[in-house]
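Inspection log for the structure reproduced underneath, given as structure tokens.
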Protein chains: 2
Amino acid sequence: MTMKANLLTHAEALARSRGIDAFSYADLAAATGIRKASVHYHFATKADLTLALIEDYAARIADRLNQIEAQSAAASGALRDFLQLYHDALGTGDSLCLCVAFSAATDSLPEASVTRVEAFRKDVTAWLNAQFNRARQDGSVRALSDPAQEAAALFALVEGAQLVARAARNPDRFTDAVAHFSDRLIMGAIQ
Amino acid sequence: MTMKANLLTHAEALARSRGIDAFSYADLAAATGIRKASVHYHFATKADLTLALIEDYAARIADRLNQIEAQSAAASGALRDFLQLYHDALGTGDSLCLCVAFSAATDSLPEASVTRVEAFRKDVTAWLNAQFNRARQDGSVRALSDPAQEAAALFALVEGAQLVARAARNPDRFTDAVAHFSDRLIMGAIQ
DNA sequence: GGGTATCTACCTACTAGTTGGTAGATATGA
DNA sequence: TCATATCTACCAACTAGTAGGTAGATACCC
């Protein structure tokens, strides 16, 4: 792995567990074993670093969502995988998905990153909207209302569930919070 | 208003709009017109200040929830008022409820404050649980499942909806995200 | 091939500014 | 007189970021 990728990996872990405000170039230098000035060589300013973080993250999640959609036989399967993705992002209960971490720190983020996070949020909500539209066809989600409304609600639910689970340092809280929604998913033999 | 209360008011506003990490004693001094050292006279350390903030806030919300419960004729009315309370906390879209702000910054909070926030979260969830139990009696919430599950889900939903609305700087996003839940509330002539 | 130039990736050593926090003087009112 | 509340003037530690230098790889030209 290149040092740049290495720095991004550590920065993402720190941002997700502590928040963007709460880690410094010094932390990053300590984590990777190079000097602070060398971190600046790869990412001139912290604004550059945060933008790189969100772009990298957004690309990875977009790939994963496409993959989930392609692999699922019904909307319910895709939505179950979506929940699992956000559950797994919690790790042992000490880290958030980067989107939640960035949303929580909007004020200390450079404008370019805020815009990028907004676009990411819009993309994920659009993906959810597509799944709920699919569900309207395949009938794999119980008590379905307006897809756009469902998408907005589910996105807020998983973000809130992450926040609660991380604050309690217990990923089970995520499962509890989304249980009511999970119960609405009708799973066939193979999803 | 005493200077101590004045400081708490400004600190709460700053914590809710920017986050706890993102305001300093210097900001507080500038906001109140006294010197930084004088702020330390009232709150010796930032740990003291954050604890005072959450205690003050928890007491106010507990009062408000008791009031809401007493005034409501049915569970649906109490839950609608609960949603309104969290909606109003957003202001024009630039501030979170203190619980969300504190949950997002768990790592940079002193242990005593983390514990206090956890207790607050537990209290609010218990209140929601009580409302859903009430709903089981009065039938004012459609498609009701397990009250504890509903409480966990609703709490996560409002926290996430606040996060999304603040990030987008638009309180309407909160309304969108909770619309699906709102639709489940059966409102009588007088609530 | 040998010399020159440029690039990558790092370094030491620094700056200017901010952070939470402290010591000790001073004003004010009961 | 004495507690309360404020002040000025500091401190150590940390922040992002900069200046200037170096070892080694790569590229180009004669």
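FYI, side chains are in, hydrogens and waters are out, and symmetry mates aren't considered; it's all heavy atoms of this structure. Chain letters run A, B, ... following the sequence lines, proteins first and then strands; every chain starts at 1.
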Pair B:F120 + B:Y57: ring centers closer than 6.0 Å | yes
Closest to the 5' end of DNA chain D, once A:A37 and A:A26 are matched to their nearest nucleotides, is A:A26
| said: Need one value for A:S24: base, sugar-phosphate or nothing, where a base atom within 4.0 Å counts as base even if backbone is also close, heavy atoms only. | reply: sugar-phosphate
With distance as the sole test, does A:S76 use its side chain to make a donor-acceptor pair with the main-chain N or O of A:I186 at under 3.5 Å?
yes
Rounded to whole Å, the CZ-C1' distance (B:R35 to D:dT4) equals 19 Å
Practice task
Please confirm whether B:K4 makes a cation-pi placement over B:Y41, using NZ or CZ under 6.0 Å from the six-membered ring centre and within 45° of the ring normal.
Solution key: no
From NE2 of B:H42 across to C1' of C:dG21 the rounded distance in Å is 16 Å
- Can you find a donor-acceptor pair, distance only, under 3.5 Å between A:K36 side chain and D:dG17 base? yes
Which of D:dT6, D:dG17, C:dC10 is nearest the side chain of A:Y41? It is C:dC10
Requested in this report: Scan A:F43 against the nucleic acid and name what it touches under 4.0 Å (heavy atoms): base, sugar-phosphate only, or nothing.
Outcome: nothing
Taken to the nearest whole Å, CG/B:D21 to P/D:dT15 is 12 Å
Whole-Å distance, B:N6 CG to D:dA5 P, equals 14 Å
When rounded to whole Å, the CD1 to P distance for the pair A:I34 and C:dC10 reads 5 Å
B:F23 CZ to C:dT18 P, in whole Å, measures 17 Å
note: B:R18, atom CZ; C:dT18, atom C1'; distance rounded to Å ~ 13 Å
Separation of C:dT12 atom P from A:H40 atom NE2, nearest Å, is 15 Å
query = Hey, does the side chain of A:S38 come within less than 4.0 Å of C:dC11's phosphate (OP1/OP2), counting only N and O?
reply = yes
- request: Might you work through the side-chain hydrogen bond (donor to acceptor under 3.5 Å, both in side chains) test for A:R134 and A:Q137, ending with a clear yes or no?
  value: CA-CA 5 Å; A:R134 224 176 125 194; A:Q137 306 297 316; over 6 Å; no
_Using a 4.0 Å heavy-atom cut-off, does B:Y25 contact any base of the nucleic acid, only the sugar-phosphate backbone, or nothing at all?_
sugar-phosphate
Ranking D:dT6, C:dG21, C:dC10 by distance to the side chain of A:M3, first place goes to C:dC10
Go through the steps for A:D107 and B:R166 under the test salt bridge (charged side-chain N to carboxylate O under 4.0 Å, His left out), then give the verdict.
CA-CA 10 Å; A:D107 279 272; B:R166 209 275 303 254; 3.5 Å; yes
